[in-house]
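Start at 1 with the first residue, then count along the sequence. Just so it is clear, the values below take in all heavy atoms, side chains as well, and ignore hydrogens, waters and symmetry mates.
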Amino acid sequence: MKVLRYVIQLALGIGLTFALQRWDKRRNLDEAQRARAWNTASWGSALYGFGPLSLLAWFWVTRRGWPRIVYGVASTVALGALLAGIDELLRSALGMKR
């Protein structure tokens with residue numbers, strides 16, 4: 001059960017982070033910001049290596065000015081809280097103790 005929980009958390013950490021970054025790239029970035037975004041290899045490497053923490057670097061690379069730090073920290077904390085909540089629900093559903 002621990003392995004299942006770990007695999008689900010890993011997949012969600014990468015998948016939800018990718019979905020958020022892809023949504024941001026398509027909806028919120030202009031052409032200049034898209035040009036600054038990571039190429040496919042760098043993007044995949046950041047997602048695989050850092051998961052939700054890659055949001056900090058994502059906003060640092062794609063934005064200019066001080067709000068990029070606020071966006072990065074806020075989105076990382078929000079996604080981390082969501083993943084922690086999902087993990088707690090999964091732990092309860094699997095009947096695992098703390």
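- Other residues, nucleotides and ligands contribute only 12 or fewer heavy atoms inside 6.0 Å of the OH atom of Tyr71.
- With a 4.5 Å cut-off on side-chain heavy atoms, Asn28 and Trp23 count as touching.
- In this structure, Ser45 has no side-chain hydrogen bond (donor to acceptor under 3.5 Å, both in side chains) partners at least two apart in sequence or on a different chain.
- Applying the salt bridge (charged side-chain N to carboxylate O under 4.0 Å, His left out) test to pairs two or more places apart or on separate chains, none has a residue in residues 42-53.
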Contacts table for residues 1-16: side-chain donor-acceptor under 3.5 angstrom, sequence neighbours left out:
| unit_1 | atom_1 | unit_2 | atom_2 | d |
| --- | --- | --- | --- | --- |
| Arg5 | NE | Asp87 | OD1 | 2.7 |
| Arg5 | NH2 | Asp87 | OD2 | 2.8 |

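- Residue pairs meeting the salt bridge (charged side-chain N to carboxylate O under 4.0 Å, His left out) criterion with at least one partner in residues 41-57, sequence neighbours excluded, are absent.
- Scored by the side-chain contact (heavy atoms from CB on, under 4.5 Å) test, Arg64 finds Arg36, Arg68 as partners (sequence neighbours excluded).
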Exercise for the section: Check step by step if side-chain contact (heavy atoms from CB on, under 4.5 Å) holds for Phe59 and Ile69. Expected result: CA-CA 7 Å; Phe59 283 100; Ile69 296 169; over 6 Å; no
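- Residues passing the side-chain hydrogen bond (donor to acceptor under 3.5 Å, both in side chains) test with Arg91, sequence neighbours excluded: Glu88.
- By the 30° and 60° cut-offs, the orientation of the rings of Trp58 relative to Trp43 is parallel.
- Taking Ala78 as the reference, nothing meets the side-chain contact (heavy atoms from CB on, under 4.5 Å) condition, with sequence neighbours excluded.
- Rounding to the nearest 0.5 Å gives a distance of 9.0 Å between CG of Leu90 and CD1 of Ile86.
- When all heavy atoms of Arg63 and Leu29 are compared, the closest pair comes out as NH1-CD2, 3.2 Å.
- Applying the salt bridge (charged side-chain N to carboxylate O under 4.0 Å, His left out) rule to pairs touching residues 48-59 yields nothing, sequence neighbours excluded.
- Among the candidates Leu55, Thr17, Asp24, Leu56, the single residue satisfying the side chain to side chain contact (heavy atoms under 4.5 Å, CB included) test with Ser75 is Leu55.
- Applying the side-chain hydrogen bond (donor to acceptor under 3.5 Å, both in side chains) rule to Arg22 yields no partners; only residues at least two apart in sequence or on another chain are considered.
- Transitive grouping of hydrophobic side chains (ILVMFWY, heavy atoms separated by less than 4.5 Å) brings Leu20 and Leu82 into a common cluster.
- In this structure Asp30 satisfies the side-chain hydrogen bond (donor to acceptor under 3.5 Å, both in side chains) test with no other residue, sequence neighbours excluded.
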Give the table of side-chain donor-acceptor pairs shorter than 3.5 Å for residues 47-54, with sequence neighbours excluded, one pair per line with atom names and distance.
| unit_1 | atom_1 | unit_2 | atom_2 | d |
| --- | --- | --- | --- | --- |
| Ser54 | OG | Gln21 | NE2 | 3.1 |
| Ser54 | OG | Gly51 | O | 2.7 |

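- Hydrophobic clustering, defined by side-chain heavy atoms of Ile, Leu, Val, Met, Phe, Trp and Tyr closer than 4.5 Å, groups Val70 together with Trp66.
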